[in-house]
Number of protein chains: 2
Amino acid sequence: MTTTAPTSSAVRLAAETWESLFRSQVAVMRRLQAGPAFKKLPIKEYDVLFTLSRCPTGKLRLNEINDHVLLSQSSLSRLVDRLEKRGLVERSIAPDDGRGILLGLTSAGQELQKEIGREHVRDIAELVAPALTADEQRELLRLTDKLQAFVASK
Amino acid sequence: MTTTAPTSSAVRLAAETWESLFRSQVAVMRRLQAGPAFKKLPIKEYDVLFTLSRCPTGKLRLNEINDHVLLSQSSLSRLVDRLEKRGLVERSIAPDDGRGILLGLTSAGQELQKEIGREHVRDIAELVAPALTADEQRELLRLTDKLQAFVASK
DNA sequence: CAGTGATACATGCAAATGCATCTATTTTAG
DNA sequence: CTAAAATAGATGCATTTGCATGTATCACTG
């Protein structure tokens with residue numbers, strides 16, 4: 001396999017693309033986290049509840065969760081401490097790996113996730129749906145999925 | 001003007017689109033900030049230098065910078081303290097508004113921005129360019145620009 | 001199967017962050 | 001023109017974060 005040096009215009013395009021993706025994320029996130037739903041629970045903590053709620057088995061390893069959020073391992077560990085102290089999640093030892101921790105929602109955690117989730121989804125729709133047509137949203141979704149898949153595989 | 005209630009499928013699409021945009025941003029950012037360039041300066045601090053370097057006049061008000069980054073006003077104020085202590089930026093009073101602060105790069109700041117920037121752009125290109133075709137990148141850029149513009153106008 | 005290295009998560013501690021509040025300036029209302 | 005309200009940014013303080021490191025378990029090597 002040969003690797004060709006990228007042209008400077010290709011480099012520039014990639015950089016501009018990332019810049020725009022990043023700024024749009026900042027703009028949307030700024031609005032979302034200002035929403036009243038996140039007075040009850042910071043958005044980063046909500047995100048962990050949400051991630052757990054999406055998972056088919058209902059439980060995830062801490063390191064799996066860590067891949068989904070932009071937090072160091074130690075920060076996630078303490079974030080989970082806070083969620084646990086509030087009775088929203090439960091730690092248990094991974095059955096197949098004595099080092100690992102499985103995290104699951106308590107019923108209070110499920111409740112709160114759904115409650116915040118409903119509001120959050122409304123806010124998202126209000127911000128994203130009028131900005132892009134349905135086709136554009138589908139295309140954006142496809143492209144960001146593809147980008148994410150490539151990065152994850154690298 | 002009448003507002004029609006969005007269908008649940010429209011709401012779902014918007015939510016999935018945002019979710020994918022957000023996760024892709026997390027995945028890419030995770031890689032980028034792990035790059036060796038950001039041992040010299042945290043990526044958030046670099047971002048301020050970068051923003052200043054892009055600005056035609058070379059100077060920006062703190063509240064303008066604040067719109068571009070995901071930081072509270074007070075955090076930005078102290079981030080700028082750190083940059084100033086390192087001699088990378090200079091505060092000056094806004095000529096047309098005695099309350100305002102204009103921030104500009106020092107020459108050391110320009111140097112460091114360019115130095116980190118070169119490395120950073122290479123890392124971005126390595127991550128984004130192979131993931132999407134040039135046409136796809138242009139389309140992603142267009143869509144995120146459009147989303148950002150809508151959010152900013154709201 | 002002992003010993004070495006790797007991995008998963010926790011924790012001490014210094015640094016960064018956000019909220020509430022403060023000061024100073026500008027804008028607006030009367 | 002003056003007084004009240006709004007805005008820009010700084011600062012005290014409690015919370016959150018990350019780095020470095022610690023402990024426990026697992027994987028690999030000879």
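Only heavy atoms go into these numbers, but all of them, side chains included; no hydrogens, no water, no symmetry mates. Each chain gets a letter, A, B and so on, in the order the sequences are listed, and its residues count up from 1.
With rounding to whole Å, A/R30 atom CZ is found 13 Å from C/dT17 atom P. Separating the CD atom of B/E84 from the C1' atom of D/dA10 is a distance of 12 Å, rounded to the nearest angstrom. B/I101 has its CD1 atom 12 Å from the P atom of C/dT26, to the nearest Å. Rounded to whole angstrom, the span from the CE atom of A/M29 across to the C1' atom of C/dG18 amounts to 16 Å.
At least one donor-acceptor pair under 3.5 Å links the side chain of A/T106 to the backbone N or O of A/G87. Judged by distance alone, the side chain of A/Q137 and the main-chain N or O of A/L132 form a donor-acceptor pair under 3.5 Å.
Taking a 6.0 Å sphere around CZ of A/R138, one finds it holds more than 12 heavy atoms contributed by other residues, nucleotides or ligands.
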Exercise. Summarise how protein sits on nucleotides 18-27 of chain D as a single string, 5' to 3': B when a protein heavy atom is under 4.0 Å from the base, S for sugar-phosphate-only contact, - for no contact.
Key: BB----BBS-
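Note on A/V69: it clusters hydrophobically with A/F22, by side-chain heavy-atom contacts below 4.5 Å among ILVMFWY residues. No path of Ile, Leu, Val, Met, Phe, Trp and Tyr side chains, each step under 4.5 Å between heavy atoms, connects A/L141 with B/V28, placing them in separate hydrophobic clusters.
Near DNA chain D, meaning a heavy atom under 4.0 Å from it, residues 43-69 of chain B has B/R61, B/L62, B/N63 in order of number.
Considering all non-hydrogen atoms of both residues, B/A14 and A/A125 come closest at CB-CA, 3.9 Å.
The pair B/R122-B/E119 fails the salt-bridge criterion, with no side-chain N (NZ, NE, NH1 or NH2) lying under 4.0 Å from an Asp/Glu carboxylate O.
Here the OG1 atom belonging to B/T17 is positioned 11.0 Å from the CD atom belonging to A/E139, to the nearest 0.5 angstrom.
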